[in-house]
Amino acid sequence: MDIEAMIRRRKRQDDESRLVGAYEPLSPATHVEEPTDRGRLLEAMLDHVDPVFDGHLPPHGYLYGPKGAGKSAVVTALFSQLERQTVNPDTDIYTTTRVRPARLLRFVYVDTRRHTSEFAFFHALLDAITDEAVPRHGISTETLRSRLHRQLDATGAGILLAVDHVGEPVSAPADALVDRFSALPSSVSWLAVGRTDPAETVLTDYTAAAIRVDPYRHHVLVDLLLRRAASALDSGALDEDAAVTIADWAGGDAHDALAALFVATDRAARADRQTITDRDIAAAFQAVPPDCVALGRVFALPENKQTVLRALVDLDPAERESVTVATAAVADLTDLAEGTIKRYLYELADVGIVDRVQAPEDGESGRPPSRLEPKFPPTVFRRLYDIERES
DNA sequence: GATCCACGGGAATACACGGATG
DNA sequence: CATCCGTGTATTCCCGTGGATC
């Protein structure tokens with residue numbers, strides 16, 4: 001039994017119903033330390049990184065698969081584990097394995113959602129392997145790069161670098177990534193992680209291995225839901241049938257499954273109920289849009305874009321009937337300029353985080369407006385956004 | 001003084017429509 | 001009839017400025 005989860009559940013002292021201990025474990029945007037039942041993928045990953053146990057770097061690689069298949073979950077868990085054992089050599093992998101390392105290896109994870117620009121990319125990388133903080137201002141990208149080279153030359157260390165969420169609308173285009181990679185020292189081996197088929201991306205021109213991730217199998221996803229529910233909810237709140245229903249609906253996508261569970265939970269909690277009913281679940285399915293965008297993408301947006309979205313999800317449908325109207329309404333709720341809000345809304349639509357649905361032509365003069373539809377479940381965003389800011 | 005980037009603003013372009021024009 | 005034009009709205013594109021920090 002997970003003691004931490006049990007304690008967390010007991011610690012609820014909020015006004016909320018007793019149903020929910022903490023929402024975070026239900027968040028589709030956070031990963032757990034020990035991803036459940038991704039044994040196959042973990043094996044494949046370990047095969048790939050195997051040379052590190054002898055102190056060598058594996059060749060560049062590409063990990064790919066659909067949304068919600070556990071790519072990020074496994075990569076972040078594995079990398080933090082490996083890095084922890086490097087930095088904290090008590091429970092050393094080296095002592096338990098064959099030979100002493102040829103050299104020090106570091107394991108760095110960079111999310112291109114959060115570190116999009118070239119500057120941000122190198123900053124994140126350098127910052128991860130440096131003790132003292134790396135300046136964010138007054139320093140050029142070029143300086144950053146040369147510091148990275150110097151640092152690695154000096155220590156003789158090698159880096160295995162995971163670069164997550166490549167090929168998404170907001171992150172740098174693949175050819176720009178190739179440029180960045182080629183600017184890395186030879187003592188860095190990278191593992192790109194994305195959804196694009198290996199045949200469709202230039203990245204695989206540089207990799208020796210492409211590792212494929214399949215969607216969660218049905219019963220594995222059921223397990224995952226039950227486990228997350230166990231760490232967030234009172235026991236019995238989610239029965240197995242309900243988990244099966246959600247897993248069926250989600251079709252192997254853990255993100256959407258968790259999003260639905262989250263919405264259903266929220267609905268039950270609002271009604272002050274102790275268990276999640278079929279109607280909660282049915283309602284949740286309605287609330288998760290088709291082709292739902294990953295909430296991780298939403299929460300990786302710059303602060304003020306999130307502010308705009310936070311206001312947007314509180315608007316009446318009537319206030320979302322056109323970009324112009326929504327802009328004015330959001331301006332009332334925030335202190336951003338209308339010009340900025342409008343541009344943000346168009347940019348968010350451009351990257352698929354909100355959808356612009358063109359109104360039918362209705363005889364009015366001028367180009368018809370378009371309605372704004374969030375492509376993520378508003379409830380989940382609202383709740384997690386508010387939780388994050390209140391503390 | 002240098003650097004990056006968020007913000008703000010505005011110009012240019014696209015689209016829809018009705019009416020005028022050739 | 002096909003095309004062009006004017007008006008009104010929506011959308012895209014671009015760039016200068018300034019904040020924050022070194």
Side-chain angles (χ1 to χ4, degrees), chain A residues 110-151 163 165 168-173 175-177 179-181 183-184 293 296-312 315-375 385 388-389:
Chain A
V110 173
D111 186 352
T112 55
R113 282 175 179 162
R114 290 175 188 278
H115 305 106
T116 307
S117 70
E118 186 183 15
F119 176 86
F121 173 81
F122 283 108
H123 185 275
L125 173 50
L126 186 59
D127 196 51
I129 59 164
T130 313
D131 286 337
E132 62 279 19
V134 181
R136 273 174 200 291
H137 300 271
I139 181 173
S140 72
T141 307
E142 185 46 46
T143 311
L144 231 40
R145 253 198 311 259
S146 56
R147 271 202 208 179
L148 178 65
H149 276 82
R150 224 180 316 131
Q151 166 114 359
V163 183
H165 302 119
E168 291 191 350
V170 286
S171 63
D175 53 346
L177 271 183
D179 285 348
R180 286 181 209 172
F181 289 162
L184 291 170
V293 75
R297 279 185 57 194
V298 180
F299 286 111
L301 290 169
E303 188 60 32
N304 280 344
K305 283 193 178 172
Q306 292 191 50
T307 306
V308 168
L309 285 177
R310 181 63 187 84
L312 186 72
L315 300 185
D316 295 336
E319 291 174 308
R320 288 190 280 109
E321 282 298 317
S322 87
V323 177
T324 310
V325 172
T327 299
V330 170
D332 281 346
L333 298 170
T334 66
D335 50 8
L336 290 164
E338 294 215 3
T340 304
I341 295 169
K342 182 173 277 191
R343 183 168 53 78
Y344 281 3
L345 288 174
Y346 280 115
E347 286 177 6
L348 290 165
D350 193 44
V351 298
I353 287 177
V354 301
D355 204 14
R356 274 185 15 231
V357 188
Q358 182 137 0
E361 303 119 32
D362 57 351
E364 298 286 311
S365 73
R367 190 173 177 167
S370 35
R371 179 162 42 92
L372 293 171
E373 298 276 7
K375 291 299 278 179
Y385 180 96
E388 202 171 304
R389 323 282 141 159

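All values below come from the heavy atoms of this structure, side chains included, with hydrogens, waters and symmetry mates left out. So that the names make sense, note that chain A is the first sequence line, chain B the second, and so on, each numbered from 1. Keep in mind that this is a model prediction, so the values were computed, not measured.
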Worksheet entry | salt bridge (Lys or Arg N to Asp or Glu O under 4.0 Å) assessment of E319(A) paired with R371(A) | CA-CA 9 Å; E319(A) 291 174 308; R371(A) 179 162 42 92; over 6 Å; no
Worksheet item: Within a reach of under 6.0 Å around CG of D332(A), are more than 12 heavy atoms found that belong to other residues, nucleotides or ligands?
Response: yes
Item to complete: For L372(A) and dA10(C), give me the distance from atom CG to atom C1', rounded to whole Å.
Response: 12 Å
Fill in: OP1 or OP2 of dT11(C) under 4.0 Å from side-chain N/O of Q358(A)
no
Worksheet entry | With sequence neighbours excluded, residues passing salt bridge (Lys or Arg N to Asp or Glu O under 4.0 Å) with E321(A) | none
Fill in: Residues that R113(A) engages under salt bridge (Lys or Arg N to Asp or Glu O under 4.0 Å), provided they are two or more places apart
E168(A)
Worksheet item: Among all residues two or more places apart in sequence or in another chain, which pass the salt bridge (Lys or Arg N to Asp or Glu O under 4.0 Å) test with E303(A)?
Response: R389(A)
Discussion item. Can you pull out the residues from residues 321-328 of chain A that lie within a 4.0 Å heavy-atom distance of DNA chain C?
Written reply: V323(A), T324(A)
Worksheet item: Regarding T143(A) and S140(A), is there a side-chain donor-to-acceptor distance under 3.5 Å anywhere?
Response: yes
Fill in: Stretch residues 112-131 of chain A: residues that reach within less than 4.0 Å of DNA chain B through a heavy atom
S117(A), F119(A), A120(A)
Table please: side-chain donor-acceptor pairs of residues 126-136 of chain A below 3.5 Å, with sequence neighbours left out.
unit_1  : atom_1 : unit_2  : atom_2 : d
D127(A) : OD1    : V134(A) : N      : 3.4
T130(A) : OG1    : L126(A) : O      : 2.5

Worksheet entry | Contacting residues from residues 135-146 of chain A, given that a heavy atom lies under 4.0 angstrom of DNA chain C | P135(A), H137(A), G138(A)
Worksheet item: Can you tell me how far the CG atom of L348(A) sits from the CG atom of L301(A), to the nearest 0.5 Å?
Response: 6.0 Å
Discussion item. Applying side chain to side chain donor-acceptor pair (under 3.5 Å), can you list everything that pairs with T116(A), at least two apart in sequence or on another chain?
Written reply: none
Discussion item. What is the distance, to the nearest angstrom, from the CD atom on E347(A) to the P atom on dC14(C)?
Written reply: 13 Å
Kindly give the atom pairs (protein nitrogen or oxygen, nucleotide nitrogen or oxygen) under 3.5 Å for nucleotides 6-8 of chain C.
unit_1 : atom_1 : unit_2  : atom_2 : d
dG8(C) : N2     : R367(A) : N      : 3.0

Worksheet entry | T141(A) side, atom OG1; F121(A) side, atom CZ - distance, nearest 0.5 Å | 12.0 Å
Discussion item. Taking H115(A)'s backbone N and O only, do any of them form a donor-acceptor pair with T112(A)'s side chain (distance below 3.5 Å, no angle check)?
Written reply: no
Worksheet item: Think Y346(A) has a side-chain N or O under 4.0 angstrom from the OP1 or OP2 of dT12(C)?
Response: no
Worksheet item: Got a sec, which residues hit salt bridge (Lys or Arg N to Asp or Glu O under 4.0 Å) with R343(A), two or more places apart in sequence or on another chain?
Response: E347(A)
Discussion item. Measuring from atom CG of L312(A) to atom CD1 of I341(A), what distance do you get when rounded to the nearest 0.5 angstrom?
Written reply: 10.5 Å
Fill in: Close approaches to DNA chain B from residues 337-344 of chain A, in residue order (heavy atom, under 4.0 Å)
A337(A), T340(A), R343(A), Y344(A)
Worksheet item: Can you check the R147(A) CZ to dT3(B) P distance for me, whole Å?
Response: 14 Å
Discussion item. Distance check, rounded to the nearest 0.5 Å: R147(A) atom CZ versus H123(A) atom NE2?
Written reply: 9.0 Å
Worksheet entry | Atom-pair distance (CG on L348(A); P on dT11(C)), nearest Å | 14 Å
Fill in: Counterpart residues, side chain to side chain donor-acceptor pair (under 3.5 Å), relative to R180(A) (two or more places apart)
none
Practice prompt. Please answer whether the main-chain N or O of L372(A) pairs with a side-chain N or O of R356(A) as donor and acceptor at a distance below 3.5 Å.
Written response: no
